[in-house]
K.L.:
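Please see the structure below; I have some questions.
On a predicted model such as this, the values are computed, not experimentally measured, just so you know. Just follow the structure's listing: the first ligand is 1, and inside any ligand the first atom is 1.
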Amino acid sequence: MNRTTEALVAVPTVDVSAVGATDTPMQQVMRLARRHGPVFRRRLHGGERLFVSSLDLVAELCDEERFTKHVGPALENVREFTADGLFTAYNDEPNWARAHDILMPAFALGSMRAYHPAMLRVARRLTDSWDARLAAGSPVDVAEDMTRMTLDTIGLAGFGYDFESFARAEPHPFVGAMVRCLDWSMTRLGRDPDGDFTVQDEAFRADADFLAGVVDEVIAARTASGDTRTDDLLGLMLGAVHPADGTTLTTANIRHQVITFLIAGHETTSGALSFALHYLLKNPVALRLAQQETDELWGGTEDPEPTFEDVGRLRWIRQVLLEALRLWPTAAAFSREAREDTLLGGRYPLRAGDGVSVLTPMLHRDPVWGDNPELFDPSRFDPEAEAARPVHAFKPFGTGERACIGRQFALHEATMLLGLIVHRYRLIDHTGYRLRVKETLTLKPDGFTLTLARRTPAR
Ligand code: HEM
């Protein structure tokens with residue numbers, strides 16, 4: 001450290017142990033940030049965590065020369081079932097760089113063209129299912145159906161495996177097991193050290209084994225088919241060699257990558273779509289603009305066949321998604337660590353390797369977003385507004401080399417589906433829904449249902 005201790009500033013420390021475990025920890029830290037400001041330390045049962053949410057400090061944490069990803073306690077828990085998969089690998093684990101380099105081509109923008117037909121096929125499953133609900137006069141459970149859609153999409157597009165979620169009355173059991181594993185990872189953070197959690201841990205182990213079994217089935221289905229293509233994620237993992245050193249991924253690592261992608265590839269996108277629909281429902285002007293956009297693109301066609309290029313033309317709808325991700329980034333925090341001892345903002349001392357959590361929903365409410373950051377306003381993502389804003393003000397996909405590899409995949413899939421939905425239906429707020437946010441490590445609207453009516457597109 002190169003400053004005198006006089007320059008250092010004490011970080012406010014808030015002890016929440018007395019409150020006990022909460023099932024909405026992210027919203028709890030958001031409340032703490034509102035009260036104690038953009039830098040504070042939360043103490044819970046003896047464990048401490050530093051949270052940061054102001055633009056200037058987050059911009060510093062995003063400097064890859066000084067900081068890197070930190071696998072914090074939450075991800076350590078997730079590692080119990082994803083090990084050195086891309087999301088939870090330590091920076092220096094050889095399998096991170098190996099898998100990253102092998103899989104990157106599968107996420108280039110051009111590759112989305114290859115996934116487009118599978119994405120459209122699954123989007124149609126959703127609209128077929130919603131048509132049936134509409135005909136029966138029954139409501140749709142938005143988050144549940146978005147999860148069906150995103151799970152089937154990553155299954156088919158990434159692995160050529162069909163979860164057939166819309167043919168099931170209940171979501172695929174993979175979803176339940178996954179949600180419980182994520183929930184276990186989250187609630188384990190707030191455990192009372194004197195408590196006995198044997199039952200929870202045994203249930204977790206059974207769920208983790210179930211996930212591993214599903215993954216083995218996905219891999220076995222491909223191997224048995226004799227299909228040796230290398231244009232999807234599984235094909236690349238099974239067949240491709242590292243572009244520089246010629247190595248391949250091990251069987252154990254492929255398993256961890258498949259679980260990682262099945263989880264990372266659907267849960268967050270499903271939440272983003274659900275929040276976007278919620279905000280469209282509550283903001284008739286934004287909805288009308290979205291419908292105008294699809295009407296202009298698809299004219300009076302009631303059953304459009306979106307092309308890959310069409311999705312790039314749905315600019316307002318993409319802005320709606322980004323604005324929903326601003327207010328509720330569905331992976332609501334990411335952690336950074338200093339490469340060497342340093343001072344954050346010239347005043348908060350950090351030791352090399354100490355974790356700092358970026359509280360993304362509060363970064364997204366920083367004063368850089370204007371006087372009314374709670375207002376849903378997709379025009380914040382007009383190209384001119386975006387160009388004028390500092391790059392680190394918006395971080396729903398994390399940062400640097402460990403940022404989300406699936407960002408284009410998520411946005412392509414979600415923009416197309418949202419376009420199809422607003423073009424086809426009138427959304428009816430039959431319960432006068434008020435947003436409640438459910439947390440299972442990721443965020444989504446809780447208990448959000450809609451009824452639908454068919455819409456006549458304008459010519
Ligand atoms: C990493 C968010 C969709 C795969 C991340 C990170 C965030 C994030 C914040 C960084 C985590 C950290 O720094 O600890 C999101 C959101 C999504 C989304 C909000 C949807 C709206 C997807 C999709 C896929 C995916 C569709 C795969 C098809 C991954 C992977 C990583 C990652 C593999 C780890 C990358 C690495 O460390 O090399 N995501 N994600 N994500 N995401 Fe996403």
K.L.:
Per the ring pair (Phe, Tyr, Trp, His ring centres under 6.0 Å) rule, what does the pair list look like for residues 93-113, sequence neighbours excluded?
P.N.:
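Residue pairs with at least one partner in residues 93-113: W96-H100, F107-F261.
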K.L.:
Of all residues at least two apart in sequence or in a different chain, which pass the salt bridge (charged side-chain N to carboxylate O under 4.0 Å, His left out) check with E93?
P.N.:
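In terms of salt bridge (charged side-chain N to carboxylate O under 4.0 Å, His left out), with neighbours along the sequence ignored, E93 is linked to R79.
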K.L.:
Do the charged groups of E164 and R168 touch, with an N to O distance under 4.0 Å?
P.N.:
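R168 and E164: not salt-bridged.
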K.L.:
Check ligand 1 for N or O atoms under 3.5 Å from a protein N or O and list each pair with its distance.
P.N.:
| from | atom 1 | to | atom 2 | distance (Å) |
| --- | --- | --- | --- | --- |
| ligand 1 | 14 (O) | K69 | NZ | 2.8 |
| ligand 1 | 37 (O) | L86 | O | 3.2 |
| ligand 1 | 37 (O) | R402 | NE | 2.7 |
| ligand 1 | 37 (O) | R402 | NH2 | 3.3 |
| ligand 1 | 38 (O) | W96 | NE1 | 2.7 |
| ligand 1 | 41 (N) | A264 | O | 3.4 |

K.L.:
For the ring pair H70 and F334, is the centre-to-centre distance below 6.0 Å?
P.N.:
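Aromatic pair excluded; centres sit 6.0 Å or further apart.
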K.L.:
Ring-plane angle category for Y433 and H278, please: parallel below 30°, perpendicular beyond 60°, tilted otherwise.
P.N.:
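Perpendicular: the ring planes of Y433 and H278 meet at over 60°.
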K.L.:
Scan for ring pair (Phe, Tyr, Trp, His ring centres under 6.0 Å) pairs involving residues 141-165, sequence neighbours excluded, and state none if there are none.
P.N.:
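As it turns out, the ring pair (Phe, Tyr, Trp, His ring centres under 6.0 Å) pairs with a partner in residues 141-165, which skip direct neighbours, are Y161-F163, F163-H172, F163-F174.
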